[in-house]
Amino acid sequence: TMHGKGYAHRDLHNANILLSCSKSGKVSAVLIDFGRTLHMFAKSKKLPQGAASRNPPEILFLSPDKVNKKASDVYALGCFLFSLFFEREYEGSFVFNARDMQGKSEQDKAQMYIRVKEKYALEYERFQELMRLQNTQDDEFKTCIFQMIHPDPKKRISLKEVFFLLEKAMRKTNSSC
């Protein structure tokens, strides 16, 4: 993976992730547009993600060069997967506009971060209620998505864990496209 080689994509959104399905039913994903890619230790004053709504909430209290690039990519990919599996955008990613942070007070940013956490909690509660109403077992991969978009970057799972859970879910359901 890119992360394993020390690089972050930094522009993960719907237009830069191509999905395909082989005749055998195997799903493949290909990343495109590597124009924002940086080495993990490279410093950059640019936002962690190119798409404003894919920037992680920690941008509210960290300068762009202090944001963990891996955690930022995981968050952006989680937002993409949320839209794919839940068929709507993750509302928490629209609480703030990452390109419009200049001039915002620390108090304003703290309030936005609280709203992001509230949106996350509400979405997760909705998901748990849906699982209860459908009387289904916990959907591991959809739970994984919530671990990817967690407001706290230290609580986000790694891409390695994401791939493991995705493969496990595909095997468990014998899924093909």
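The first residue of the sequence shown is numbered 1, and numbering continues consecutively from there.
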What pair of heavy atoms forms the shortest contact from [X] to [Y], and how long is it?
X      : Y      : answer
Ala8   : Lys69  : CB-CB, 3.6 Å
Ser158 : Val74  : C-CG2, 4.4 Å
Glu89  : Phe94  : CB-CE1, 3.6 Å
Tyr90  : Val116 : OH-O, 4.1 Å

Could you walk me through whether Val30 and Ser20 satisfy the side-chain contact (heavy atoms from CB on, under 4.5 Å) test, starting with their C-alpha distance in whole Å, then the side-chain angles of each, then the deciding distance to 0.1 Å, before giving a yes or no? CA-CA 8 Å; Val30 175; Ser20 66; 5.7 Å; no
In this structure, would Ile114 and Leu60 fall into the same cluster of hydrophobic residues linked by side-chain contacts under 4.5 Å? no
Indicate if Phe41 and Val67 have the same hydrophobic cluster label, given that clusters are the connected sets of ILVMFWY residues with side-chain heavy-atom separations under 4.5 angstrom. no
Is the ring pair Tyr120/Tyr124 parallel, tilted or perpendicular, if the boundaries are 30 and 60 degrees? parallel
Any side-chain heavy-atom pair of [X] and [Y] under 4.5 Å:
X     : Y      : value
Ser83 : Asn14  : yes
Pro64 : Lys45  : no
Lys66 : Glu58  : no
Phe96 : Ile59  : yes
Phe85 : Ile145 : yes
Tyr75 : Pro57  : yes
Met40 : Tyr7   : no
Ser44 : Asp65  : no

Working to the nearest 0.5 angstrom, can you tell me the gap between [X] [atom1] and [Y] [atom2]?
X      : Y      : atom1 : atom2 : result
Leu18  : Leu31  : CG    : CG    : 8.5 Å
Leu77  : Ser72  : CG    : OG    : 11.0 Å
Leu81  : Cys144 : CG    : SG    : 7.5 Å
Phe141 : Gln147 : CZ    : CD    : 10.5 Å
Asn55  : Arg99  : CG    : CZ    : 7.5 Å
Phe61  : Met101 : CZ    : CE    : 12.5 Å

Glu123: what forms a salt bridge (Lys or Arg N to Asp or Glu O under 4.0 Å) with it, not counting sequence neighbours? Arg88, Arg126
Applying salt bridge (Lys or Arg N to Asp or Glu O under 4.0 Å), can you list everything that pairs with Glu129, at least two apart in sequence or on another chain? Arg132
For Ile157 and Leu165: C-alpha separation, side-chain torsions, deciding distance, then whether side-chain contact (heavy atoms from CB on, under 4.5 Å) applies. CA-CA 11 Å; Ile157 62 175; Leu165 289 171; 4.3 Å; yes
Sidechain-backbone polar pair: [X] side chain, [Y] backbone, donor-acceptor under 3.5 Å:
X      : Y      : value
Asp11  : His13  : no
Asp73  : Arg10  : yes
Gln128 : Glu125 : no
Lys70  : Gly6   : no
Arg156 : His150 : yes
Thr37  : Phe34  : yes
His9   : Gln49  : no

Answer yes if the ring centres of Phe146 and Phe86 are under 6.0 angstrom apart, and no otherwise. yes
Quick test of your reading: applying side-chain hydrogen bond (donor to acceptor under 3.5 Å, both in side chains), list the pairs with at least one residue in residues 105-114, sequence neighbours left out, ordered by first then second residue. Ser105-Asp108
Set out, in order, the CA-CA distance, both residues' side-chain angles and the distance that settles side chain to side chain donor-acceptor pair (under 3.5 Å) for Asn16 and Arg54, then state yes or no. CA-CA 12 Å; Asn16 287 344; Arg54 297 301 190 242; over 6 Å; no
